[in-house]
Amino acid sequence: MNRLRPQSVGAQLSLALLLVVAGALAFVYLIVIPSLERRLVDDRRAESARVASRLATRLRNDSAFWQEKVTDAAVTSGTRVAVLQLIDEHPLAMSVIYTAGGGNLQGLDRDAVALAAARTLTPQRGTADRGGARYAEAADLIGPDFVVLVSTSLQDADHTVDLVKRRILIAGALALVLVLLVGYIAARMFARRIRRLERAAERIAGGHFEEPVVDPAADELGELARAFDRMRERLSKLERARREFIANASHELRTPLFSLAGHLELLVEEDLDEATRREFLVGMREQVDRLTKLAAELLDLSRLDAGRLRVERTRLDLGRVADLLLEEFQPLARGSDHPLVLASDGRVAALADEQRVLQIGRALIENALRHTPEGTPVRIETGRRDGRAVLRVVDEGPGIAPEHAAHVFERFYRADGALASGSGLGLAIASELAQVMGGEIELESRPGHTVFTLLLPQETTASHG
């Protein structure tokens, strides 16, 4: 049985919910209830002040039958009304001459609110505790020596506040229990989803990419699960690519090694004439060159993957680079009956590594010569586009099918699915080298027209590498 550990996310979520509810209840109990109590007391004081003001005004205007008027005011307002007379100023002392409405009269002649009104000759409000009961009071002047004091019991207000307190405590206790229950259930569900993600992460870390990571929820955990699944798919592709890379690299290494071993065995054991021996030596030299090139390509790939391949971004002329490429590949093009021409747009300045640009150009031209029929024209072009320097290799071959065009820059990828001459690394390395230099390689292909375009920063658009 799975239980919530104190340090688990589910337990922390339950505790957080509990603290939020407890904090809300504490806020209500410590802030809202005192505010409610003050509001009720202020309302009672304001009501007492209104009664005192009206009665004092009536008595100042007409003092006849004043006792009946005081009694009527007490009965009508449901308050206790007292009339006090000033009997001494030093010290200030008062005497109760009449009361109506009942209530505790103890210490009424020393009432602080009435004495303050007599001292300041202005209406006053306040509260008083008398005989264990609280009153909201207001005093107003009838004349220089007489004060009317209206007292309203706060028993109802205190009872209301106590009732609210009890109900908040009861509701709070029920809410806390409900929160604990709901929080526990929600935390269990939440923790179960987290454990599924944990198990999925362990599977992925162990190299098992077959089972998808599924969480249909639209919340953050669902987004995390979908991110995990995208990671699983990418890692699965990387693992397949790694295995294919090892298999392909092994195949590429095995072919020239077997060829070299066969030639050496024949050279040692067979009695060969000089022409045949020389032919074998030429073949062995070709295989050694092939191994050397493959080793260099694999080294470039390892440096690219590790981020340790450094390039020099210096000012160079793509027109000169195109001339060097034309001079280098012209003999090979003639041997395969490929007309190779140059269409240069004058001096085209770029910021790049000249040796790496030459490496990219060789890969593009070799690709065009190798994968087009004999007699297919191949053209090297230079120019500018959208503020960037351009080197193009254009051929008039059959083109690349759309389903293969998106993969030509992948390592060891070949459209026919076979490993023939060439390692299948040239275009992949060319694309990554272009990116390292701040450029890119684009492909446009249709029957009779295939263009590989190298785009590089111009001198005016970059200042550092």
Handout entry: Least distance between heavy atoms, Ala56 atom then Leu141 atom
Key = CB-O, 3.6 Å
Exercise for the section: Decide side chain to side chain contact (heavy atoms under 4.5 Å, CB included) for Asp158 and Gln155; before the verdict, give the C-alpha distance in whole Å, the side-chain angles of both, and the deciding distance to 0.1 Å. Expected result: CA-CA 5 Å; Asp158 292 340; Gln155 182 179 0; 5.8 Å; no
Can you give each donor-acceptor pair under 3.5 Å made by side-chain atoms of residues 227-234, sequence neighbours left out, with the distance rounded to 0.1 Å?
unit_1 : atom_1 : unit_2 : atom_2 : d
Asp229 : OD1    : Val213 : N      : 2.8
Asp229 : OD1    : Arg232 : NE     : 2.9
Asp229 : OD1    : Arg232 : NH2    : 3.1
Arg232 : NH1    : Phe209 : O      : 2.6

Exercise for the section: State, yes or no, whether a side-chain contact exists between Glu137 and Gln124 at a heavy-atom distance under 4.5 Å. Expected result: no
Practice task
Kindly compute the distance separating CZ (Arg44) from OG1 (Thr127), expressed to the nearest 0.5 Å.
Solution key: 13.5 Å
Problem - Minimum-distance pair of heavy atoms, taken over all atoms of Thr450 and Ser445 - result: OG1-OG, 3.0 Å
Problem - Of all pairs that satisfy salt bridge (Lys or Arg N to Asp or Glu O under 4.0 Å), the ones with a partner from residues 33-43, not counting sequence neighbours - result: Glu37-Arg134, Arg39-Asp43, Asp42-Arg45
Problem - Check against side chain to side chain contact (heavy atoms under 4.5 Å, CB included), Val390 and Val348 - result: CA-CA 8 Å; Val390 173; Val348 179; over 6 Å; no
Practice task
Run the salt-bridge test on Asp111 and Arg130 with the 4.0 Å N-O cut-off and return the result as yes or no.
Solution key: yes
Practice task
Answer yes or no: is there an ion pair linking Arg226 with Glu223, defined by an N-O contact shorter than 4.0 Å?
Solution key: yes
Handout entry: CA sep, side-chain torsions, deciding dist, call: Leu427, Leu364, side chain to side chain contact (heavy atoms under 4.5 Å, CB included)
Key = CA-CA 7 Å; Leu427 291 180; Leu364 299 180; 3.7 Å; yes
Problem - Atom pair CD/CG of Glu354 and Leu318 - distance to nearest 0.5 Å - result: 9.5 Å
Problem - Val148 side chain near Arg58 side chain, heavy-atom distance below 4.5 Å - result: no
Handout entry: Counterpart residues, side-chain contact (heavy atoms from CB on, under 4.5 Å), relative to Val436 (two or more places apart)
Key = Leu304, Val311
Problem - N/O donor-acceptor pair under 3.5 Å between Asp353 side chain and Glu312 backbone - result: yes
Fill in the blank from the handout: For Arg315 and Leu351 the tightest heavy-atom approach is N-CD2, 3.7 Å
Completion exercise
Closest non-hydrogen atoms of Arg125 and Ala49, given as atom of the first, atom of the second and distance, are NE-CB, 3.4 Å
Fill in the blank from the handout: Rounding to 0.5 Å, atoms CG (Leu325) and CZ (Arg320) come to a distance of 10.5 Å
Exercise for the section: Would you please name every residue forming a side-chain contact (heavy atoms from CB on, under 4.5 Å) with Glu442, sequence neighbours left out? Expected result: Arg385, Glu440, Thr453, Leu455
Problem - Salt bridge Glu202-Arg199, side-chain N to carboxylate O under 4.0 Å - result: no
Handout entry: From Leu55 atom CG to Leu149 atom CG, the distance as rounded to the nearest 0.5 Å
Key = 11.0 Å
Handout entry: Gap separating the CG atom of Leu316 from the CD atom of Gln355, nearest 0.5 angstrom
Key = 10.5 Å
Exercise for the section: List the steps and the verdict of side chain to side chain contact (heavy atoms under 4.5 Å, CB included) for Val70 and Leu59. Expected result: CA-CA 9 Å; Val70 170; Leu59 294 179; 4.1 Å; yes
Problem - side-chain contact (heavy atoms from CB on, under 4.5 Å) against Arg167, all qualifying residues, sequence neighbours excluded - result: Leu163
Completion exercise
Closest non-hydrogen contact found for Ala93 with Leu86 is O-CD1, 3.4 Å
Exercise for the section: Answer yes or no: is there a side-chain heavy-atom contact under 4.5 Å between Ile360 and Leu391? Expected result: no
Practice task
Return yes if a side-chain donor-acceptor contact under 3.5 Å exists between Ser344 and Thr382, otherwise no.
Solution key: yes
Handout entry: Thr71 side-chain N/O to Gln67 backbone N/O, donor-acceptor pair under 3.5 Å
Key = yes
Exercise for the section: Decide yes or no for Trp66 and Ile142: does some side-chain heavy atom of the first lie under 4.5 Å from some side-chain heavy atom of the second? Expected result: no
Handout entry: Minimal non-hydrogen separation, Ser48 against Ala138, with atom names
Key = C-CB, 3.5 Å
Handout entry: Donor-acceptor side-chain pairing of Arg362 and Gln359 below 3.5 angstrom
Key = no
Exercise for the section: Evaluate whether atom CZ of Arg60 has more than 12 neighbouring non-hydrogen atoms of other residues, nucleotides or ligands under 6.0 angstrom away. Expected result: yes
Practice task
Using the test side-chain contact (heavy atoms from CB on, under 4.5 Å), find all partners of Leu115 that sit at least two apart in sequence or belong to another chain.
Solution key: Leu92, Met94, Arg119
Exercise for the section: Count the heavy atoms belonging to other residues, nucleotides or ligands that lie under 6.0 Å from CD of Glu68, then report whether that count exceeds 12. Expected result: yes
Completion exercise
Here the gap from Leu454 atom CG to Arg388 atom CZ, rounded to the nearest 0.5 Å, amounts to 9.5 Å
